[in-house]
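The next block holds one structure in the form of structure tokens; read it before the comments.
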Protein chains: 2
Amino acid sequence: MTAVQDPSRNGVATGTMFATLDLIKTQPELARFQFRVANRWVAGAHNRSTIKGFYAAGGEDTTRTGEFHLDAGEPAILLGTDTGPNPAEYLLHALAACLTTSIVYVAAARKVDLTSVESRLTGDMDVRGALGVDDEPRNGFERIGVSFRVAGDAPEAKLREVVERARRRSAVYDMVTNGVPVAIEVATG
Amino acid sequence: MTAVQDPSRNGVATGTMFATLDLIKTQPELARFQFRVANRWVAGAHNRSTIKGFYAAGGEDTTRTGEFHLDAGEPAILLGTDTGPNPAEYLLHALAACLTTSIVYVAAARKVDLTSVESRLTGDMDVRGALGVDDEPRNGFERIGVSFRVAGDAPEAKLREVVERARRRSAVYDMVTNGVPVAIEVATG
């Protein structure tokens with residue numbers, strides 16, 4: 001298969017995908033990426049992130065022309081005014097998005113044409129932890145549930161293999177299930 | 001201090017905050033929350049989450065009147081068309097937003113008037129893991145760096161105490177550093 005014979009599947013440029021994978025195999029230093037977010041408090045539970053630049057494949061990206069802005073908030077019961085999804089909901093979205101894109105890319109690589117990928121995620125939390133009322137419950141979700149419905153031009157077993165491979169390669173699934181070291185620096189004034 | 005004397009600090013209704021904390025102390029069953037996200041694949045790296053309903057304080061929320069929609073994507077080098085921040089960037093935003101809101105709430109509880117809270121986050125990744133090129137690098141970020149600048153009407157030591165308390169109570173910081181069990185169900189067709 002070449003890019004000319006099969007330029008796209010599931011909206012993924014498979015020729016470019018395989019060329020990229022081959023390039024990274026021969027030049028692993030190109031695999032170093034850094035993503036970044038800048039956040040600023042607005043008022044109360046409202047804060048806003050700006051996202052644009054990142055480092056990839058040996059240099060600073062120049063292809064992303066616009067900034068993304070994300071507004072976070074809290075609902076009334078958590079003392080906000082719904083200026084955006086809350087941080088825990090953003091984490092669920094990050095997980096849903098990463099698993100979904102991984103499914104779509106794995107399916108493209110395995111010549112599976114998908115027709116739909118839908119998911120519903122739930123996160124259960126005892127807010128006594130985050131509110132500082134009790135030290136026993138953890139601050140975050142005790143568990144996350146993900147329910148996928150995947151349809152495409154392949155037998156059920158093949159579709160399940162695609163989801164399983166995507167789970168094993170998802171960046172956010174890895175981070176959310178295994179954790180990541182986080183270093184915090186603080187300047188004042 | 002009562003809500004009448006001190007109804008708001010940093011945009012947080014402190015009277016309501018303390019009343020909520022007292023209520024949850026006496027009725028811990030009200031602390032059970034569930035947040036939810038529904039996601040749907042659009043094309044390629046583009047998928048969209050819809051966020052509205054959640055369970056809180058003994059019942060289904062009725063205060064949030066509108067839906068939030070979040071679009072995810074990937075930049076060109078990761079085979080997308082920048083239809084939104086990518087999933088790993090959303091995870092950084094979730095972390096920034098949660099730490100920031102925690103700082104603002106802790107400061108309000110401790111009678112610290114903040115003037116600004118800004119942060120820059122970085123996540124370093126060797127994409128050979130997520131791309132399935134090599135089993136050695138992990139799929140997600142190897143490390144996350146967070147740099148805060150906090151200003152307000154308090155001595156530096158007090159501001160640093162606020163940040164440290166916020167870190168120890170942040171829901172997303174807990175999840176990102178310690179991990180969460182994730183259960184995935186799959187239906188096909």
Side-chain angles (χ1 to χ4, degrees), chain A residues 11 31 33 35 37 39-41 43-45 47 49 51 56 63 68 70 72 76-77 85 87 89-94 96-98 100-101 117 119-121 123 125-128 130 139-141 143-144 146-149 156 159 163 171-172 174-175 178-182 184-188, chain B residues 11 31 33 35 37-39 41 43-45 47 49 51 56 63 68 70 72 76-77 85 87 89-94 96-98 100-101 117-119 121 123 125-128 130 139-141 143-144 146-149 156 159 163 171-172 174-175 178-182 184-188:
Chain A
F33 279 49
F35 293 106
V37 164
N39 185 278
R40 179 186 292 267
W41 173 49
N47 62 73
S49 287
I51 299 172
T63 66
F68 298 115
L70 299 175
I77 197 163
E89 290 169 326
Y90 270 113
L91 182 131
L92 291 178
H93 164 66
C98 194
T100 298
T101 296
V117 182
S119 57
R120 302 184 76 84
L121 286 79
M125 185 184 292
D126 183 328
V127 297
R128 287 179 297 167
N139 301 331
F141 292 137
R143 72 192 74 81
I144 293 172
V146 183
S147 179
F148 267 105
R149 178 166 289 278
E156 175 175 348
L159 293 174
V163 176
V172 176
D174 169 27
M175 292 190 272
N178 295 317
V180 183
V182 177
I184 301 181
E185 293 179 346
V186 184
T188 60
Chain B
F33 278 49
F35 293 107
V37 163
N39 184 278
W41 174 50
N47 61 73
S49 286
I51 298 171
T63 68
F68 298 115
L70 299 174
I77 197 164
E89 291 170 324
Y90 270 113
L91 182 131
L92 291 179
H93 163 67
C98 195
T100 298
T101 296
V117 182
E118 295 181 20
S119 57
L121 286 80
M125 186 185 291
D126 184 327
V127 297
R128 286 180 297 167
N139 301 332
F141 293 137
R143 72 191 73 82
I144 293 173
V146 183
S147 178
F148 267 105
R149 178 167 288 277
E156 176 176 349
L159 293 173
V163 176
V172 175
D174 168 26
M175 291 191 273
N178 296 316
V180 183
V182 178
I184 301 180
E185 294 179 346
V186 183
T188 60

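No experiment lies behind these values; they were computed from the predicted model shown. The chains referred to below are lettered A, B, ... by the order of the sequence lines, with proteins before strands, and numbering in each begins at 1.
- Counting heavy atoms from C-beta on, the side chains of B:Ile77 and A:Phe33 come closer than 4.5 Å.
- With contacts defined as side-chain heavy-atom distances shorter than 4.5 Å, the pair A:Asn47/B:Val117 does not qualify.
- Side-chain contact check for B:Asn39 versus A:His93: some heavy-atom pair is nearer than 4.5 Å.
- Residue B:Thr188 comes nearest to A:Arg149 through the heavy atom pair O-NH1, 3.5 Å, listed as atom of the first residue, atom of the second, then distance.
- For the pair B:Leu92 and A:Phe35, the tightest heavy-atom approach, listed with the atom from each and the gap, is CD1-O, 3.6 Å.
- Minimum heavy-atom separation, B:Ala96 to A:Ser49: CB-OG, 4.5 Å.
- B:Asp174 places a side-chain N or O within donor-acceptor distance of the main-chain N or O of A:Gly140, the cut-off being under 3.5 Å.
- For the pair B:Val182/A:Val146, a side-chain contact is recorded, criterion being any heavy-atom separation below 4.5 Å from C-beta on.
- Only the side chain of B:Phe68 comes within contact range of chain A, with at least one heavy atom under 4.5 Å from a heavy atom of that chain.
- Between atom CG of residue A:Asn178 and atom CG of residue B:Asn139 there is a gap of 9.0 Å, rounded to the nearest 0.5 Å.
- Taken from CD1 in B:Ile51 to CD in A:Glu89, the straight-line distance is 5.0 Å, to the nearest 0.5 Å.
- With respect to chain A, the highest number of heavy-atom pairs below 4.5 Å among B:Pro85, B:Ala56, B:Ala130 belongs to B:Pro85.
- Considering only heavy atoms from C-beta on, A:Leu91 stays 4.5 Å or farther from B:Tyr90 through its side chain.
- Contact annotation: the side chain of A:Phe148 never approaches that of B:Glu185 to less than 4.5 Å [non-hydrogen atoms, C-beta and beyond].
- No other option in B:Leu70, B:Val163, B:Thr100, B:Val172 has as many heavy-atom pairs under 4.5 Å with chain A as B:Leu70.
- The candidate from B:Ala187, B:Gly11, B:Ala94 with the greatest count of non-hydrogen atom pairs under 4.5 Å with chain A is B:Ala187.
- Side-chain contact between A:Thr101 and B:Trp41 is absent, with no heavy atoms from C-beta onward closer than 4.5 Å.
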